[in-house]
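Lettering of chains follows the sequences in order, A, B, ..., and the numbering in each one begins at 1.
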Amino acid sequence: MIDIKRLRDDPEAVRSALARKKFSFDLDTVLELDAQRRTAIVAAEQAKSEQNAANKTMASLAKGSPEFLEKVTEMKTLSARAKELENSCRDAEEAFQKAFLSLPNLPDPSVPDGREECDNVVVSEWGKCLPAAPYRVPHWDIPWFAKAIDFGRGVKATGAGFPFYVGDMARLVRALIHLFLETARRNGYEEVLPPILVNEASATATGQLPDKEGQMYADTNEGLYLIPTAEVPVTNFYRDEILPADALPICRCAYTPCFRREAGSWGSHVRGLNRLHQFDKVELVKWTDETSSFDELERLRNDVEGILQALDLPYRVLLMCAGDIGFPHAKQYDLEVHAAGQDRWLEVSSCSNFTDFQARRAGIRYRDKDGKPRVVHTLNGSGLAIPRVLAALLENNLQPDNSVRLPKVLQDFMGQDSIQF
RNA sequence: GGAGAAGUGGCUGAGUGGUCGAAAGCAGUUCUUUGCUAAAGAACCGAUCGCCUAAAAGCGAUCCGUGGGUUCAAAUCCCACCUUCUCCGCCA
């Protein structure tokens with residue numbers, strides 16, 4: 001959630017900032033509910049204060065004395081009134097919270113205007129896109145693809161979008177996970193292995209709820225959700241905690257499988273590895289103070305770019321426009337690799353600064369030099385999502401003999417310089 | 001899954017239904033003193049929300065695992081749930 005004080009102080013600035021995003025919002029209602037809530041609080045606290053005072057005098061009276069009994073009658077009235085006001089106060093608070101929680105984060109001023117995908121700005125490109133050639137095909141058309149990544153048997157075991165990776169392909173996935181984690185470790189991120197089911201409070205804190213409820217697989221028996229990204233459990237590591245000032249910045253990395261229902265987002269363009277219900281990803285997460293989060297975002301992005309360069313995959317970096325960034329995001333870069341067989345850019349990472357939006361929901365703070373609690377800033381970025389990286393590797397490194405040459409960084413781990421089925 | 005025990009401030013740990021935000025100790029901050037990388041003494045030392053402020057101070061409300069209930073009044077009594085520990089059973 002955003003800072004309510006900021007909204008009160010300058011609603012028009014908040015209004016125009018939010019208007020740049022694609023989400024609908026109702027500031028006037030929020031402000032009105034805030035005012036109502038505060039009036040209710042004043043009334044309830046006043047009543048409660050009177051009751052407390054009466055209670056105090058009562059404590060000094062002898063039990064059962066006439067004065068005492070008289071006070072009991074008075075207290076009954078006060079108590080009933082206080083309870084009543086307290087209830088209306090709670091209702092007002094709930095109504096306010098519900099409306100307030102539905103406000104998205106403010107986009108940073110450095111984020112360009114725009115309504116859709118085509119308004120995103122390419123801020124850098126690395127490497128050369130490979131030219132078309134007769135033997136370059138989409139990865140799903142590689143003759144042995146169905147053997148190496150078995151979608152058919154995945155359907156049998158689970159359903160569409162849950163493939164089996166077989167033999168050297170399974171090893172290759174493991175090699176990528178290893179490479180990503182080790183690269184992150186060398187860049188100063190501490191590895192964690194988090195739970196992959198989270199509760200409602202965690203999903204709300206990072207902003208998946210209530211905005212994207214339908215995107216997650218849920219265990220309704222236990223009230224738990226399969227994580228759509230490691231961001232959720234990892235960010236919640238410090239939920240409701242106050243960190244010492246010298247702890248920041250904290251950098252963590254985590255490998256997890258990720259689960260997304262992707263309801264209604266299927267079509268001919270999402271064949272093969274382009275979109276799955278379950279996929280593997282290494283996620284990078286940072287907690288910083290409010291002065292350095294945008295610098296840390298650049299560092300994060302740089303760390304992720306390093307991996308793509310090591311894999312020798314041509315990529316570009318998009319600065320997402322205000323209309324295309326997510327609900328909790330203040331600023332977001334998308335990294336896309338070029339897959340030569342499809343001649344398409346595939347998003348493999350999204351690096352974002354959430355400023356204080358998630359941290360405020362999650363109650364993650366740090367103690368500044370004066371000992372005052374302040375809300376931290378949170379960031380995260382994929383480093384990286386495996387299937388699309390794999391798609392690009394297969395398509396870009398496919399040889400005329402249908403083998404796939406491995407980049408140097410993977411050869412050592414795999415103990416071979418190419419794969420072939 | 002069965003049987004017990006427990007959940008209090010950063011930590012340890014008192015707490016009789018009313019004067020308890022809550023003793024005490026530790027840690028922390030500031031100061032005093034002693035010439036020596038330390039000791040002693042003193043003061044301060046939780047969070048959230050609201051009112052008032054330019055801001056602070058100040059005032060008020062709330063918080064003793066969570067949510068209900070009893071009562072004029074609950075950390076204290078009752079119920080449910082969650083978590084932790086011990087014992088038994090089962091199991092990767």
Side-chain angles (χ1 to χ4, degrees), chain A residues 1-10 30-101 193-205 219-225 233 236-248 250 257 287 356-376:
Chain A
M1 60 190 107
I2 63 174
D3 187 350
I4 182 66
K5 291 203 189 92
R6 190 164 167 191
L7 176 58
R8 281 183 208 146
D9 291 347
D10 197 350
V30 172
L31 283 167
E32 196 184 315
L33 289 172
D34 179 46
Q36 281 172 13
R37 146 183 171 269
R38 286 195 285 165
T39 314
I41 286 174
V42 171
E45 289 188 353
Q46 168 77 25
K48 192 69 185 159
S49 184
E50 282 169 30
Q51 189 195 342
N52 287 347
N55 190 41
K56 225 165 242 187
T57 39
M58 193 169 166
S60 59
L61 299 173
K63 274 201 180 103
S65 66
E67 302 94 319
F68 184 89
L69 294 173
E70 193 183 311
K71 269 293 185 201
V72 168
T73 324
E74 186 192 329
M75 285 280 289
K76 271 185 188 172
T77 322
L78 287 174
S79 170
R81 195 165 136 255
K83 207 161 267 176
E84 204 174 296
L85 288 168
E86 200 179 305
N87 282 340
S88 54
C89 182
R90 207 193 46 223
D91 292 346
E93 184 69 42
E94 261 168 33
F96 165 73
Q97 281 299 336
K98 189 163 175 254
F100 191 44
L101 222 51
L193 187 59
I196 59 177
L197 283 165
V198 292
N199 56 34
E200 195 182 316
S202 291
T204 305
D219 174 356
T220 49
N221 285 328
E222 306 282 341
L224 298 175
Y225 297 88
N236 275 279
F237 187 90
Y238 290 116
R239 177 148 52 85
D240 293 324
E241 290 192 33
I242 302 178
L243 305 165
D246 58 10
L248 302 177
I250 298 170
W287 297 259
D356 56 359
F357 187 84
Q358 289 182 332
R360 187 167 276 116
R361 288 175 164 232
I364 308 173
R365 292 169 295 167
Y366 74 97
R367 222 171 266 288
D368 70 12
K369 294 199 170 51
D370 299 325
K372 292 246 170 56
R374 300 179 74 93
V375 181
V376 304

How about CZ on A:Arg6, more than 12 heavy atoms from neighbouring residues, nucleotides or ligands closer than 6.0 Å, or not?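 No, not enclosed.
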Do other residues, nucleotides or ligands put more than 12 heavy atoms under 6.0 Å from A:Glu200 CD?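 Count not over threshold, so no.
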Quick one, A:Val42 and A:Thr39 - any side-chain contact, counting heavy atoms below 4.5 Å?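 The answer is no; the side chains never approach within 4.5 Å.
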In whole angstroms, how far is the [atom2] atom of [N] from the [atom1] atom of [X]?
X	N	atom1	atom2	answer
A:Glu86	B:rG50	CD	C1'	14 Å
A:Arg360	B:rU48	CZ	C1'	13 Å
A:Arg37	B:rU48	CZ	P	14 Å

Looking at every strand, decide which applies to [X] at a 4.0 Å heavy-atom threshold: base, sugar-phosphate, or nothing.
X	value
A:Gln46	nothing
A:Phe96	nothing
A:Arg81	nothing
A:Arg90	nothing

C1' atoms of B:rC31 and B:rA14, separation to the nearest Å: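 Here B:rC31 and B:rA14 have their C1' atoms 30 Å from each other.
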Verify the contact: side-chain N or O of [X] to OP1 or OP2 of [N], cut-off strictly under 4.0 Å; return yes or no.
X	N	result
A:Asn55	B:rG17	no
A:Arg367	B:rG46	no
A:Lys83	B:rG69	no

Please tell me whether A:Ser88 and A:Asp91 have a donor and an acceptor in their side chains that are separated by less than 3.5 angstrom.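 Their side chains do not contain a donor-acceptor pair, so the 3.5 Å distance test is not met.
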Go ahead and name the base partner of B:rG35; Watson-Crick or wobble counts if both distances stay under 3.5 Å, otherwise write none.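 Check on B:rG35: unpaired, no WC or wobble geometry under 3.5 Å.
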Under a 3.5 Å cut-off for both distances, is B:rU53 Watson-Crick or wobble paired, and to whom?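 With both distances under 3.5 Å required, B:rU53 matches none.
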